[in-house]
J.: 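Pasting a structure below so you can have a look.
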Amino acid sequence: MADPRAAARRPKRGRLTRSADFDRVFRRGRSFGNRHLVLHLFPRAGEPGDGTDPRVGLSVSRRVGGAVERNRVKRLLREAFSPLAERLPTSVDVVIVARSDAHDLAEREGLAGVSAALGELVDRAASAAAKEGS
RNA sequence: GCAGGCCACGUCGCCGCGGGCGGGCUCGAUCCGCUCGAGGAACGUCCGGACACCACAGGGCAGGGUGGUCGGGGAAUCCGACCCGGGGAAACCCGCGGGAGAGUGCCACAGAAAACACACCGCCGAUGGCCGGGGCGCGAGCCUCGGCACAGGCAAGGUUGAAAUGGUGCGGUAAGAGCGCACCGGCGUCGUGGCGACACGGCGGCCAGGUAAACCCCACCCGGUGCAAGACCGAGCAGGACCGUUCGCAGGCGGCCCGUCGAGGUCCAGGUAGGUCGCACAGAUGGAUGGCGACGCACGACAGAAUCCGGCGUAUCGGCCUGCUAAG
RNA sequence: CGGGGCGUGGCGCAGUCUGGUAGCGCGCGCCGUUCGGGUCGGCGAGGUCCUCGGUUCGAAUCCGGGCGCCCCGA
């Protein structure tokens, strides 16, 4: 984020928008996974974005399915993440990766199943981040 | 049963998302309101075009593509009608559908033979020849019967094969043969109809195997790459030019002069990260069109835009409409 | 988004251009060799040639449609 003004502002949507941001989270962040999803977490403490809400990025590869299935998984993940975001500390970047089984979960259990799977990972990530921060 | 066309869950409530317009404010990646927001295939990427850049005098070769006729169309492996061939009881459906009388190649196995037409087995041997018997004649010889298969004649038959110089019948012959005749098939030619592909009819003679989704010949067409094309702006880093660090540039000390502080400043083209345009009355650039609930019913299939347009092909729960065929 | 390639026994591959017999290695089964195993020798089983059509007398091969997988450019 070369623009220094961005530091003073709250992002319109808490989304990752740069390929470099994704690379940084994958390379240097911690990861938590279950059979449906993988959650990567990277704290941005001390950077210009400090103090803002978590930013999230989605990664749904073609292994999950065709365009229709991938869109459905991404929409459900966005819908599920929105209420869960406040459980995470501020100033973190998160990337949610959907594994192949995520499509089956979305088709069978819908938003409830996705929320459960994602909530588990968010809680694990939040407690881990709290330990490191203290 | 056949053909064609249309639709692709609907309504309501709450919470959300992207673009545009208007407005409020603490002017920002904010808030409020209004409005627009996936498909018939958006798919596959099989063709064509627009657009963009690169290459290019003109022509030819090579290479590739297309292939009945007429019309539509900007073009097309596109569409329509018709012709031909095949299928069906019919409505109707299917077909990469030019040329094998220009040349080359191939046609396994089987079979005498697979393309020049004949050799081979075989049939005949009327005619001529040779051998034998009988008759006539003084004799040369003549007549007649039988045999041989030497000359010669023939292409019907030869258990094969996907395919063998057309098929069936009658005549004909020593044996045979389109040798002759009838019908059918093919070819050539003439006439009639049709814009045409072709169709129908008359006459003629008997040259004519298949394969071109084998090479090839003929006619027509074709430069390459693709919006991640391409255009513009452009940090940083490195480079160049000029001014300045003894003669103090730019800039600051509220405007000006003096004075003072000051070691760097200005410009240049190329262009990385990145951004904007390209880009659309859906239109992003980590990529929007969703979630929950209720009711209705046909219980919801295949499937998600990324430059745009015209086709083709493929997937698909079902529903509606129109016409036609057969039977009743 | 665009471009290219590959589907053949259980596995890895030839054969496809130039159409008629599907072959090789490993693996598998049986027999022999050995006290037993390995090695070695012999014999044998096993393939809708991805799928659906077409051309041809005849298709793994030639020509179309489809399905699946892999790779490359940016």
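Below, chain A is the first sequence line, B the second, and so on; all start at residue 1.
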J.: Going by atom type alone, with no hydrogens or angles, which donor-acceptor pairs under 3.5 Å involve a side-chain atom of residues 106-117 of chain A and a protein atom two or more places apart or on another chain?
T.:
from   : atom 1 : to     : atom 2 : distance (Å)
A:E107 : OE2    : A:R72  : NE     : 3.4
A:S115 : OG     : A:L111 : O      : 3.0

J.: Mind checking who B:A301 pairs with, Watson-Crick or G-U wobble, both distances under 3.5 Å?
T.: none
J.: Between B:G111 and B:G161, how far apart are the two C1' atoms, rounded to whole Å?
T.: 7 Å
J.: Suppose we define a pair by two distances each less than 3.5 Å, Watson-Crick or G-U wobble; what does B:C154 pair with here?
T.: B:G122
J.: Output the rounded distance in Å from CG (A:N71) to C1' (B:G16).
T.: 16 Å
J.: Of all the choices, B:G287, B:A38, B:G291, which nucleotide is nearest to the side chain of A:R75 once you look at every atom?
T.: B:A38
J.: What's the gap between B:G74 and B:C46 when it is taken at their P atoms, as a whole Å value?
T.: 27 Å
J.: Please report, rounded to the nearest Å, how far the P atom of B:U289 is from the CZ atom of A:R72.
T.: 12 Å
J.: Both distances below 3.5 Å, Watson-Crick or wobble geometry, any strand: find the nucleotide opposite B:A326.
T.: none
J.: Within this structure, what is the CZ-to-P distance between A:R62 and C:G68, rounded to whole angstrom?
T.: 11 Å
J.: What nucleic acid atoms does A:R70 come within less than 4.0 Å of, heavy atoms only: base, sugar-phosphate, or nothing?
T.: nothing
J.: How far does the P atom of B:A38 sit from the matching atom of C:C11, given to the nearest Å?
T.: 48 Å
J.: Atom CG of A:L84 to atom P of B:G16: distance rounded to whole Å?
T.: 16 Å
J.: If I compare all heavy atoms of A:F22 with all of A:L58, which pair ends up nearest, and what's the gap?
T.: CE2-O, 4.0 Å
J.: With a 3.5 Å limit on both atom pairs, tell me what B:C17 is paired to, counting Watson-Crick and G-U wobble, or say none.
T.: B:G37
